[in-house]
A.B. asks: 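Quick one: structure below, then a few questions.
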Amino acid sequence: HPDVAEAVSGLAAVAHDQGRLERADSLFSRALAVQRRQPDARLAHTLAGYGALARSQHRLGVAARRHREALALRRTMLGPDSPDVAESLKGLALVEHQRGAFAPAERLYREALALQVRLSGETHPEVGSLSNSLASLLRTRGSYAEADRLFRRALAVQRRLFPDGHRNLVTTLSQRAGLLVERGRP
């Protein structure tokens, strides 16, 4: 039953969060087997979760396939302007980034960021997260000026949302500091 599959998918996500990766994999597989019989938006959610699990296991081909399938379903079922589409774009961008496919990752990050800003405005937490991810990629590619601008954008969002010492804020500050050192600007 689709409701049972949704619950199993939720259990898989919890197992993933707990680091019980084999259990999460088994549960996601079970949920997908049921959901594929009657596809709906819940299938896309399970695929995205499974994609995140596969990425954390460094099974990047599987992760990319799951995220692409989730993205296609979400665009078809929810339309192009949905927060879930932005989430799928980000998930696929993270996989491509990790694979070293920087051009596709950059395109996906930019599309996700533009969509998230359009849907939620400049101060949404995902705008900070996506800005940080894109800045990190651009830093790797040597686009330092744009990376710095995006790190500052991420920091502006994160400083409004998080207290000093929050791990997201610390990570972005550290990444921007590394960029400045690389550029010879302490």
Side-chain angles (χ1 to χ4, degrees), residues 1-78 80 82-113 115-116 119-120 124-137 140 154 158 162 166-168 170-172 175:
H1 189 273
D3 292 338
V4 173
E6 182 179 20
V8 170
S9 179
L11 290 172
V14 170
H16 182 203
D17 289 345
Q18 293 174 337
R20 298 170 48 218
L21 304 184
E22 287 181 24
R23 177 74 176 145
D25 193 272
S26 172
L27 290 167
F28 275 129
S29 292
R30 286 177 45 201
L32 282 178
V34 173
Q35 290 174 328
R36 286 189 188 284
R37 290 185 217 132
Q38 297 177 331
D40 61 16
R42 295 178 289 193
L43 171 59
H45 184 77
T46 298
L47 287 163
Y50 207 165
L53 170 67
R55 186 172 76 84
S56 71
Q57 295 172 313
H58 304 284
R59 297 183 311 146
L60 301 180
V62 171
R65 284 191 299 278
R66 297 289 185 251
H67 282 296
R68 279 191 192 99
E69 190 176 354
L71 177 59
L73 278 170
R74 285 173 167 172
R75 281 182 166 153
T76 300
M77 293 179 172
L78 305 173
S82 163
D84 289 341
V85 169
E87 177 188 317
S88 285
L89 288 165
K90 179 184 178 183
L92 185 54
L94 289 166
V95 172
E96 296 298 352
H97 189 167
Q98 192 170 341
R99 288 169 80 162
F102 297 141
E106 181 178 341
R107 180 187 56 77
L108 290 160
Y109 280 137
R110 288 186 188 282
E111 188 178 350
L113 180 58
L115 178 57
Q116 193 66 59
L119 294 173
S120 307
H124 191 274
E126 272 303 306
V127 170
S129 176
L130 284 160
S131 295
N132 183 61
S133 295
L134 178 55
S136 178
L137 174 76
T140 301
Q158 292 170 343
F162 306 128
H166 188 278
R167 68 181 175 90
N168 292 8
V170 169
T171 297
T172 304
Q175 290 174 330

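Basis for what follows: all heavy atoms, side chains included, without hydrogens, waters or symmetry-related copies.
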A.B. asks: Tell me, do Glu126 and Pro83 make a side-chain contact under 4.5 Å, heavy atoms counted?
C.D. replies: no

A.B. asks: What is the minimum heavy-atom distance between Ala112 and Ala86, and which atoms define it?
C.D. replies: CB-O, 3.8 Å

A.B. asks: Drop me the distance from Ser26's OG to Leu11's CG, to the nearest 0.5 angstrom.
C.D. replies: 11.0 Å

A.B. asks: What distance do Glu111 atom CD and Ser88 atom OG have between them, rounded to the nearest 0.5 Å?
C.D. replies: 11.0 Å

A.B. asks: Please report the closest heavy-atom contact between Ala70 and Ala48, naming both atoms and the distance.
C.D. replies: CB-N, 3.9 Å

A.B. asks: Do you know the tightest heavy-atom contact between Met77 and Ala41?
C.D. replies: SD-N, 3.5 Å

A.B. asks: I need the Arg59 CZ to Arg66 CZ distance, nearest 0.5 Å.
C.D. replies: 8.0 Å

A.B. asks: Check whether any side-chain heavy atom of Arg68 lies under 4.5 Å from a side-chain heavy atom of Leu47, and answer yes or no.
C.D. replies: no

A.B. asks: Begin from the C-alpha positions of Lys90 and Gln116 and carry the test side-chain contact (heavy atoms from CB on, under 4.5 Å) through to its verdict.
C.D. replies: CA-CA 10 Å; Lys90 179 184 178 183; Gln116 193 66 59; over 6 Å; no

A.B. asks: Scan side-chain atoms only and decide if Ser133 and His97 contain a donor-acceptor pair under the 3.5 Å cut-off.
C.D. replies: no

A.B. asks: At what distance, to the nearest 0.5 angstrom, does CG of Asp40 lie from CD of Gln35?
C.D. replies: 7.0 Å

A.B. asks: Mind checking side chain to side chain donor-acceptor pair (under 3.5 Å) for Arg36 and listing every partner two or more places apart, or none if nothing turns up?
C.D. replies: Glu69

A.B. asks: Heavy-atom count around His45 NE2 within 6.0 Å, excluding the residue itself: above 12?
C.D. replies: no

A.B. asks: Which heavy atom of Leu92 sits nearest a heavy atom of Ala64, and at what distance?
C.D. replies: CD1-O, 3.9 Å

A.B. asks: Can you measure from CG (Leu137) to CG (Asn132) and round to the nearest 0.5 angstrom?
C.D. replies: 11.5 Å

A.B. asks: Flag the pair Gln158 / His166 as yes when at least one side-chain heavy-atom distance between them is below 4.5 Å, and no otherwise.
C.D. replies: no

A.B. asks: Please say whether more than 12 non-hydrogen atoms of neighbouring residues, nucleotides or ligands are located less than 6.0 Å from CZ in Arg23.
C.D. replies: no

A.B. asks: So with a 6.0 Å cut-off around CD of Glu22, is the heavy-atom count from everything else above 12?
C.D. replies: no

A.B. asks: Can you tell me how the ring of Tyr50 sits relative to the ring of Phe28, calling it parallel under 30°, perpendicular over 60° and tilted otherwise?
C.D. replies: parallel

A.B. asks: Under 4.5 Å between any side-chain heavy atoms of Val4 and Arg30, yes or no?
C.D. replies: no

A.B. asks: Could you check whether any side-chain N or O of Ser9 sits under 3.5 Å from a backbone N or O of Ala5, counting only pairs where one atom can act as donor and the other as acceptor?
C.D. replies: no

A.B. asks: Using side-chain heavy atoms (C-beta onward) and a distance below 4.5 Å, is Arg99 in contact with Glu96?
C.D. replies: yes

A.B. asks: With rounding to the nearest 0.5 Å, note down the distance linking OG1 in Thr46 to CG in Leu32.
C.D. replies: 6.0 Å

A.B. asks: Between Ser131 and Val127, what is the shortest heavy-atom contact and its length?
C.D. replies: OG-O, 2.7 Å

A.B. asks: Tell me whether Thr171 contacts the main-chain N or O of Arg167 through its side chain, where contact means a donor paired with an acceptor under 3.5 Å.
C.D. replies: yes

A.B. asks: Can you check whether Pro80 reaches Val85 side chain to side chain, under 4.5 Å on heavy atoms?
C.D. replies: no

A.B. asks: Which heavy-atom pair separates Ser56 from Leu21 by the least distance, and what is that distance?
C.D. replies: OG-CD2, 4.3 Å

